[in-house]
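Each remark here refers to the structure printed beneath this line.
Only a predicted model underlies this, so the values are computations on that prediction, with no experimental measurement involved.
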Amino acid sequence: MYTNFCKVIFAFFFILFFIPDSYGQKKSKIDSEEHLKTTPKLVVGIVVDQMRYDYLTRFWNQFEEGGFKRLVNDGFNCKNNHYNYAPTSTGPGHASIYTGTTPATHGIIGNNWYDKITNADVYCAEDSGYNSVGTATDSGKMAPTRLTVTTITDQLRLHTQMRGKTIAVALKDRGAILPGGHTANAAYWFHGADEGNWISSTYYMSELPKWVTSFNASNTAETYKKTWNTSKVINSYMESGSDNNAYEGLFDTETAPIFPHSPASLLSKSKDYDIIKITPFGNSLTADFALAALDGEKLGKDEVTDFLAISFSSTDYVGHMFGVNSKEIEDTYIQLDADIARILSALDKKVGKNNYTIFLTADHGAINVPAYLNDQKIPAGYVDFSAVKSKFAEFLKYKFGTEEIVKNFSNYQVFLDHKVIQNLDIDLSQAQKIIARELLSYDAFDHAYTADQMWQNNYTEGIPYILQKGYNQKRSGDVLLVLKPGFITYSKTGSTHGSPQIYDTHVPLLFYGKGIKPGSTFERTEIPDVAPTIAALLGIAFPNGTTGSPITKVLE
């Protein structure tokens, strides 16, 4: 009996000391792994083309609970988020978000730019060495080869030994190709014209997968060729200007820029699919295709993290045509809110509520229509660039005896012919200064900086800081120019972007989902911080050109 009693006591002490200890060790190991990294089944990057930060607050009361409000209320909101470089345009924006750096490093210095080596204009996503997939046109001769560094999507692919998938989707080719990086399984973009299909490039594949051909065959795009009316009662659109005004562009056959929009081309069933892009329906079509990719590629279905990059381009097209204060832009964001809610709901069901992580930002902001600002007695206006070039040409003849000293004048940059300067026995630095001072004397320009200044100085604030972050030693020009605030070279209807001014740099940045701590901050964050924040969350290497830093407040 004594022996049995001893056995009971021994068993009791064994349970008390040894089993909890092993359980504690196991729990400690799990906790340790969670501190090292977060492992969502899917990361979703959302870029809204031409979204100013104030659209979140301005249209807040129009949003429903499941879209933007869900991301803000249950996620983390960086309220003082900025582009820290210029030009603020689509190609550089998407590249910077995903590489964690700026054009100074990643090399995408514009949508298009003058190439000093080939003496020709180039496009940020073009590569004639590849062919179209899904169309007989040249619209698929694209690749990410002009991007000189890795992306967060590349790093995830490398980290998972290429087991994690990356799929990138956008109406614009550059909005899919640059986020997808060099190693994407696929990037898809919309070829409108008379086809209305999603296409790709032989850089990624030899033929479209079955789920894409099935989507194209479904004629989903054609269902969006319909009259555009407001999704809510137009009298409730109090956060925008009058429906009929002089600051907005017109669709073909329209006589006034008013709802409903139903030009003949919008209703054509055999051509002009590009018209969908200039309506909220382009975003809905993108959401449809992204959800088809979620199913077709089985994203988020295993324990290896996948990445879905989505760019909503129609907001940019609508902004360019109607302006940031239009009822059209308000309606576009109301409908985008519903599309985002639809995506979140699908992710809840198909990936799981705590199994995915999202970030949402924009590739640039936009200026209010200068003609409208003028009417409100705010300094703004338009620059006749052809007149500037003509005056500048006369100066070159007078000062240097030839116009050939300048090879190209584009993107607010002057590219000098270094051989001509050398033959004229002129110091390059001095030539840059002379030209910068001349152009700064023109009423159009507020700032002028030389390449020599970009090389020699380390700017830490203001306009020169922003210009320097956008200046690439191999690709940028010899003189950099900045228009006066509120001034643009554009039509007198609609909005545009590209400057280092605050209206073009201040954009939203939201994080949501697994590994994200709900909250907000007014501390300044910058676009190159996005990629290292996601890399830190996932516990993977930063993109190899990273200059940004993780936003620690975002992470649990």
Geometric cation-pi criterion, K172 with Y317: 6.0 Å, 45°: yes
Test side-chain hydrogen bond (donor to acceptor under 3.5 Å, both in side chains) applied to T525 and N81, step by step: CA-CA 5 Å; T525 57; N81 182 64; 2.9 Å; yes
Side-chain donor/acceptor of W113 to backbone N/O of I108, under 3.5 Å: no
Enclosure of W455 CH2 (heavy-atom neighbours >12, cutoff 6.0 Å): no
pair P257-M321: side-chain heavy atoms closer than 4.5 Å: no
Chi angles and distances behind the side-chain contact (heavy atoms from CB on, under 4.5 Å) call for V507, Y83: CA-CA 8 Å; V507 298; Y83 276 87; 3.8 Å; yes
Residues N283 and T286: side-chain donor-acceptor under 3.5 angstrom: no
Interatomic spacing from OG1 in T361 to NE2 in H94 - rounded to 0.5 Å: 9.5 Å
Side chain H182, main chain V149, donor-acceptor under 3.5 Å: yes
Test side-chain contact (heavy atoms from CB on, under 4.5 Å) applied to H82 and I502, step by step: CA-CA 8 Å; H82 295 268; I502 198 80; 3.3 Å; yes
Exercise: identify the closest heavy-atom pair between F312 and A287: CE2-N, 4.1 Å
Ionic contact status for K391 with E394, cut-off 4.0 Å: no
Donor-acceptor pair, side chain of Q468 and main chain of M454, under 3.5 angstrom: yes
Under 3.5 Å donor-acceptor, S476 side chain and Y471 backbone: no
Smallest separation among heavy atoms of G486 and Y503, with atom names: N-OH, 2.9 Å
Distance-only polar pair, side chains of T166 and N185, donor-acceptor under 3.5 Å: no
Without placing hydrogens or testing angles, list every side-chain donor-acceptor pair under 3.5 Å for residues 375-382, not counting sequence neighbours.
unit_1 : atom_1 : unit_2 : atom_2 : d
D375   : OD2    : Y247   : OH     : 2.4
Y382   : OH     : A371   : N      : 3.1

Aromatic plane relationship, W60 with F63 - under 30° parallel, 30 to 60° tilted, over 60° perpendicular: perpendicular
Side-chain donor/acceptor of R524 to backbone N/O of N80, under 3.5 Å: no
Donor-acceptor contact present, side-chain T546 to main-chain F542, <3.5 Å: no
S132 side-chain N/O to G140 backbone N/O, donor-acceptor pair under 3.5 Å: yes
Pair W198 + Y188: ring centers closer than 6.0 Å: no
More than 12 heavy atoms from other groups under 6.0 Å of NZ on K399: no
Heavy-atom side-chain proximity of L158 to Q155 below 4.5 angstrom: yes
Spacing of CG belonging to L537 relative to CD1 belonging to I551, to within rounding of 0.5 Å: 12.0 Å
Pairwise distance CD1(I434) to CD1(I405) - rounded to 0.5 angstrom: 8.0 Å
Approximate separation, where rounding is to 0.5 Å, of T450 OG1 and L428 CG: 9.0 Å
Sequence neighbours excluded, every pair satisfying side-chain hydrogen bond (donor to acceptor under 3.5 Å, both in side chains) that has a member inside residues 115-127: Y114-N119, D115-T118, Y123-D173, Y123-R174, E126-R146, D127-T145
Flag for T101-H106: side-chain donor and acceptor within less than 3.5 Å: no
Derivation of the side-chain hydrogen bond (donor to acceptor under 3.5 Å, both in side chains) call for D331 and Y237: CA-CA 8 Å; D331 187 67; Y237 288 25; 2.5 Å; yes
Step-by-step ring-ring contact (aromatic ring centres under 6.0 Å, His included) determination, Y412 to F385: CA-CA 10 Å; Y412 307 111; F385 214 58; 5.8 Å; yes
Sub-6.0 Å ring centroid separation between H320 and Y490: yes
R157/D154 ion pair, N-O < 4.0 Å: no
Side-chain donor-acceptor pair present, D425, Q422, cut-off under 3.5 Å: no
D417 and K419 ion-paired at < 4.0 Å: no
D49 and T315: CA distance, side-chain angles, deciding distance, side-chain contact (heavy atoms from CB on, under 4.5 Å) verdict: CA-CA 6 Å; D49 206 320; T315 40; 3.9 Å; yes
Approximate separation, where rounding is to 0.5 Å, of T505 OG1 and Y53 OH: 14.0 Å
S89 side chain vs G498 backbone, donor-acceptor pair below 3.5 Å: no
Distance (rounded to the nearest 0.5 Å) between Q501 CD and L483 CG: 8.5 Å
Q62 and E239: CA distance, side-chain angles, deciding distance, side-chain hydrogen bond (donor to acceptor under 3.5 Å, both in side chains) verdict: CA-CA 9 Å; Q62 292 281 28; E239 307 306 327; over 6 Å; no
Under 3.5 Å side-chain donor-acceptor pair for D54 and H506: no
NZ or CZ of K484 within 45° of F445 ring axis and under 6.0 Å: no
Other residues, nucleotides, ligands: >12 heavy atoms within 6.0 Å of D384 CG: yes
Polar contact flag, side-chain donor to acceptor under 3.5 angstrom, D452-Q432: no
Donor-acceptor pair, side chain of K469 and main chain of A104, under 3.5 angstrom: no
Near-ring test Y55/F68, centroid separation under 6.0 angstrom: no
Exercise: do E248 and T493 side chains pair donor with acceptor under 3.5 Å: no
Criterion side-chain contact (heavy atoms from CB on, under 4.5 Å) on I534 and F511, from CA distance to verdict: CA-CA 9 Å; I534 296 298; F511 293 90; 4.0 Å; yes
Verdict with reasoning, D363 to T90, per side-chain hydrogen bond (donor to acceptor under 3.5 Å, both in side chains): CA-CA 6 Å; D363 57 353; T90 301; 3.2 Å; yes
Ionic contact status for K553 with E523, cut-off 4.0 Å: yes
Option among F76, F359, Y512 that satisfies the side chain to side chain contact (heavy atoms under 4.5 Å, CB included) test with L71: Y512
Distance-only polar pair, side chains of D339 and Q335, donor-acceptor under 3.5 Å: no
Backbone N/O of A170 and side chain of S311: donor-acceptor pair under 3.5 Å: no
Pairwise side-chain contact, S326 with S240, heavy-atom cut-off 4.5 Å (strictly under): no
